[in-house]
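Below, read A as the first sequence line, B as the second, and so on, with proteins coming before strands; counting in each chain starts at 1. Here the structure is a predicted model, which means the values were calculated and not measured.
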Protein chains: 2
Amino acid sequence: MAEVRVIESVLRAGQEVADRNRARLDAAGVLGVNLMSAPGSGKTTLLQQTIPALAPARCAVFVGDLQTSRDAERIAGSAAAAVQINTGRGCHLNPMQVQLGLDETPLDDLAYLFIENVGNMVCPAAHTLGEHCNVALLSVPEGDDKVAKYPTLFQRADAILVNKIDLVEHLDFDRERVRADLDQINTRAPCFDLSTRTGEGLEAWLDWLRQRHAALPAG
Amino acid sequence: MAEVRVIESVLRAGQEVADRNRARLDAAGVLGVNLMSAPGSGKTTLLQQTIPALAPARCAVFVGDLQTSRDAERIAGSAAAAVQINTGRGCHLNPMQVQLGLDETPLDDLAYLFIENVGNMVCPAAHTLGEHCNVALLSVPEGDDKVAKYPTLFQRADAILVNKIDLVEHLDFDRERVRADLDQINTRAPCFDLSTRTGEGLEAWLDWLRQRHAALPAG
C-alpha cells in the first residue's frame with residue numbers, strides 16, 4: 001500500500017505544478033505548445049521555420065533532450081529565449097522542469113512558448129506540463145502504422161502534423177491509412193500534411209497556432 | 001527510505017528474471033538478440049528479411065508494442081514462433097514479459113530468438129531482458145545527430161545498424177558524423193550500413209549474427 005501512496009502523491013504534485021505553469025502562461029497571454037514525436041521526426045526543424053514566420057509575435061522555446069544542447073542552439077537565433085533541459089536518462093519532460101524553465105524566462109511580450117519534448121512516442125504522452133495544446137508529429141519515413149501502434153500520443157493531440165511529406169514518393173506510405181486510424185481515436189484534432197524541406201503546409205500550421213493564440217483567455 | 005528499498009527490490013527482481021531467461025537460452029543454444037530503435041526505424045522489416053535468410057536455422061520472435069499485433073503478424077509467416085507482447089502504456093519490454101514469452105515458446109531446434117523491443121530510443125536501453133546481445137537501429141531519416149542525443153542506447157549496443165541507407169541521397173545525413181559520435185562512446189560494436197529496401201548490407205549483418213551464434217557456450 002505504501003507504494004501506491006507514493007505514486008499518487010508524486011502524480012498529484014506533478015498535476016499541481018502543471019496547473020501553476022498553465023496559470024503563469026495564462027496570466028502572461030502566452031500560448032504553451034507541447035510538441036511530441038519520435039526522435040528525428042523534425043520537431044526542431046519545424047520550430048526553426050515556425051518561430052521566424054510568427055514574427056513579430058515573439059516565441060520562447062524549451063527543448064528536452066537526454067544530452068547535448070544542439071537543438072536549443074539550432075533554435076536560439078530566432079527565439080526570444082531558448083532553454084535546454086537535459087534529462088539525463090529521463091524519457092520525457094516533467095512539469096517541474098518546465099517550472100524551472102519558466103523561472104528563467106521573462107514572459108512579458110512573449111506570445112508563444114514551444115516545449116519540444118524528448119523524442120519518444122510513449123512516455124511524454126502520459127505527462128501534462130501545463131501546456132495549452134499538444135501537437136503530435138509523425139514523419140512519413142516512420143511508416144503509416146504509427147497512429148494505431150502509439151494511440152495514446154495521437155489521442156491526446158490537439159493537432160497532428162504529418163511531416164516529411166516530400167518523401168512520400170520514395171516510400172510506401174498510405175496517407176488514407178493514417179486518416180482512417182485517426183478517425184478511430186481522435187476526430188477533433190486537425191491533421192496537416194507538412195514538409196519542412198519544401199515549406200508545403202506550413203501556412204496552415206501557422207494559421208492554427210494563431211487561432212489558438214487568439215482563443216486564449218484575456219489575461 | 002521506503003521508496004528506495006522498493007525500487008531496489010524491483011530492479012533486483014528484474015535482474016534475477018533476466019538471468020534466468022539468459023540461462024534458459026544458453027541451455028537451449030539459442031542466441032537472444034534485443035533489437036532497439038525509435039519507432040519506424042525498420043525493425044520489423046529487418047526481421048522479415050533476416051529470418052528467412054538465416055534458414056535452415058530456425059528463429060522465434062517476441063514483438064513488443066503498446067497495442068496491435070500487426071508486427072507479429074508480419075513476421076509470423078517465416079518465424080518458427082511469434083509472440084506479440086502488448087505493453088499497454090508500457091514504454092519498454094521487461095524481463096518478466098520475456099519470461100512469459102519463453103514459457104509459450106518451444107526452444108528445441110531454435111537457433112535465434114529476436115526480441116523486437118517497443119519503438120523508443122530511451123527506456124528500453126535501461127532494461128536488460130536476458131539477451132546475449134543488443135542491437136541498435138538508426139534510420140537515415142531520423143538524422144545524423146541521434147548517437148550524441150541518445151547515447152545510452154548506442155553505448156549499450158553490440159552492433160549498430162544504419163538502416164534506410166538508400167534514402168541518403170534525398171536527405172542531409174552525414175555518415176561520418178555518426179561514426180565520429182560513435183567513436184566517442186562505443187568503439188567495440190561494429191556499425192553496418194543497411195537498406196531493407198535494396199538488400200544492401202544484409203549479408204554483413206547475417207554474418208555477424210552467425211558469428212555470435214557460433215560463439216555461444218556449448219549447451
So, B:R156 and B:E131, do they make that salt bridge, N to O below 4.0 Å? yes

When you compare the side chains of [X] and [Y], does any donor N or O come within less than 3.5 Å of an acceptor on the partner?
X      : Y      : value
B:K149 : A:T68  : no
A:T44  : A:E116 : yes
B:D103 : B:Q99  : no
B:S78  : B:Q48  : no

Step by step, would you call B:F114 with B:F62 a side chain to side chain contact (heavy atoms under 4.5 Å, CB included)? CA-CA 6 Å; B:F114 294 102; B:F62 296 172; over 6 Å; no

Shorter than 4.5 Å, heavy atoms on both sides: which option in A:M121, A:R197, A:K164 has the most such pairs with chain B? A:R197

Based on non-hydrogen pairs under 4.5 Å, which of A:P39, A:A38, A:G143 is most in contact with chain B? A:P39

Which atoms of [X] are under 4.5 Å from chain A, going by heavy atoms: the side chain, the backbone, both sets, or neither?
X      : result
B:K146 : side chain
B:D71  : side chain
B:R70  : side chain
B:D145 : both
B:L167 : side chain
B:P151 : side chain

Taking B:A125, B:C123, B:G119 one by one, which has the highest count of heavy-atom pairs under 4.5 Å against chain A? B:G119

How close do B:S195 and B:D166 get, counting heavy atoms only, and between which atoms? OG-OD1, 2.8 Å

